There are 2 protein chains.
Amino acid sequence: MDTATPFPQEGTPMCDRNTDVPTPLESFGACPAVTDVLSRVGDKWSMQVVIRLGEGSRRFNELRRIINGISQRMLTRTLRGLERDGLVRRTVTPSVPPRVDYELTDIGRSLWKPVSELGAWAVEHRQVIAQARDDYDAAAQ
Amino acid sequence: MDTATPFPQEGTPMCDRNTDVPTPLESFGACPAVTDVLSRVGDKWSMQVVIRLGEGSRRFNELRRIINGISQRMLTRTLRGLERDGLVRRTVTPSVPPRVDYELTDIGRSLWKPVSELGAWAVEHRQVIAQARDDYDAAAQ
DNA sequence: CGGGATCCGGCTGGATACTG
DNA sequence: CAGTATCCAGCCGGATCCCG
């Protein structure tokens, strides 16, 4: 029950809002929670941060160097957002200069798995997708 | 090798750009493909559409009713985007009134698995996340 | 070192009206 | 039924400067 549970366990309510939707219980597509998690992990940087922190605890500028392309501001905002949702723990060491470490919480680590599988899917299919995209654009001129 | 491959197979290049990044081969976090796939599936509606089409072929207004909250314009744009990337196949039956069916392609179905697992994760952890969010906001006033 | 404050352009997505 | 066209607000994210 741990390796592949495409749908939530019994007893877990599918959705707490939008109960007026004629949603078959076989799906959670209409559940706002799906949209909510995408707002968190689906922005430009969160997923990369989660993947990186899945490798181990990291300092701020360490993440900044590794992620490559992320601005200071966006790294701060992304980490704050993940911290707010309880996915990342922020540890401040009041030294001079200050030291701040970030690491995944238990929930954050549980997110790492589906997120990394989505990342793996992206890597595996990127050429085919790029090709399909080119074909589509070429057909439409 | 089919059930859980968190990382790409050997022989599959991790990344074709950003080769100057000191990326350990154990991770694909810095790969632009990860960002690319998030731009596709990470928008407001694509994931829900993919989940819904995973249940079977659907007509336009059928999807519109089921997804609940999506506008006509956004459903069109979302479906076009997925079609452009080769994830969705669009079949037009030139009748009066016209009939258009949408279904996942093979790649689209392969996406369904990681996407639905992410959706399941969202449903399973939404209360904990909402609680953490409230705590964070309360602590910050 | 690890941020916060400010400014700003561009894209996302909603509302509405119209069409074959 | 299945779109297209237009307008527009809001947020996302980059650049820059400052700070303890």
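Note that the structure is predicted; figures quoted are calculated from it, not measured. Sequence lines set the chain letters: A, B, ... in the order given, protein chains first and strands last, and positions in each chain run from 1. For the numbers below, each heavy atom of this structure counts, side chains included, while hydrogens, waters and symmetry mates do not.
When only modelled atom types and interatomic distance are considered, B/Arg90 and B/Tyr102 share a side-chain donor-acceptor pair under 3.5 Å. If you check the side chains of B/Ser39 and B/Asp36, you find no donor sitting under 3.5 Å from an acceptor.
Counting to the nearest Å, the P atom of C/dG2 and the CD1 atom of A/Ile70 are 14 Å from each other. Atom CG of B/Leu63 and atom P of D/dC1 are 14 Å apart (whole Å). The interatomic distance linking A/Leu79 (CG) with C/dG2 (P) rounds to 11 Å, in whole Å. Rounded to an integer number of Å, the gap from CZ of A/Arg58 to P of C/dG2 is 13 Å. The separation between A/Gln72 atom CD and D/dT16 atom C1' is 10 Å, rounded to whole Å. Between the CD1 atom of A/Ile67 and the P atom of C/dG2 there is a distance of 14 Å, given to the nearest Å. Straight-line distance from the CG atom of A/Leu38 to the P atom of C/dT12: 16 Å, rounded to whole Å. Separating the CG atom of A/Leu75 from the P atom of D/dG14 is a distance of 11 Å, rounded to the nearest angstrom.
Considering B/Val37, B/Ile107, B/Leu87 as possible partners of A/His125, the one that fulfils the side-chain contact (heavy atoms from CB on, under 4.5 Å) test is B/Ile107.
Inter-residue side-chain proximity for A/Arg126 and A/Val123 is flagged as met; some heavy-atom pair is nearer than 4.5 Å.
Put simply, B/Arg80 has no side-chain N or O that comes within less than 4.0 Å of OP1 or OP2 on D/dA2. Phosphate proximity of C/dC1 to A/Arg64: absent, as no side-chain N or O sits under 4.0 Å from OP1 or OP2. Contact between the side-chain N/O atoms of B/Tyr102 and the OP1/OP2 oxygens of D/dC1 is not found at any separation under 4.0 Å.
We find the CZ-CG distance between B/Arg109 and B/Leu104 to be 6.5 Å, quoted to the nearest 0.5 Å.
Closest to the B/Ser71 side chain, of the nucleotides C/dG4, D/dT4, C/dG14, is C/dG14. When each of C/dG3, D/dG3, D/dC1 is scored by its nearest atom to the side-chain atoms of B/Pro98, the top-ranked nucleotide is D/dC1. Among the nucleotides C/dG2, D/dG14, C/dG13, the one closest to the side chain of B/Met74 is C/dG13. If you check C/dG13, C/dG4, D/dG14 against the side chain of B/Lys44, the one that comes closest is C/dG13.
Within the nucleic acid shown, A/Arg59 comes within 4.0 Å of sugar-phosphate atoms alone, with no base atom in reach, counting heavy atoms only.
Residues A/Pro97 and A/Thr76 both approach DNA chain C. Their nearest nucleotides, taken by heavy-atom distance, put A/Pro97 toward the 5′ side.
No donor-acceptor contact under 3.5 Å links the side chain of A/Arg77 to the base of D/dG13. Checked by distance alone, A/Arg73 brings no side-chain donor or acceptor within 3.5 Å of a matching partner on the base of C/dG3.
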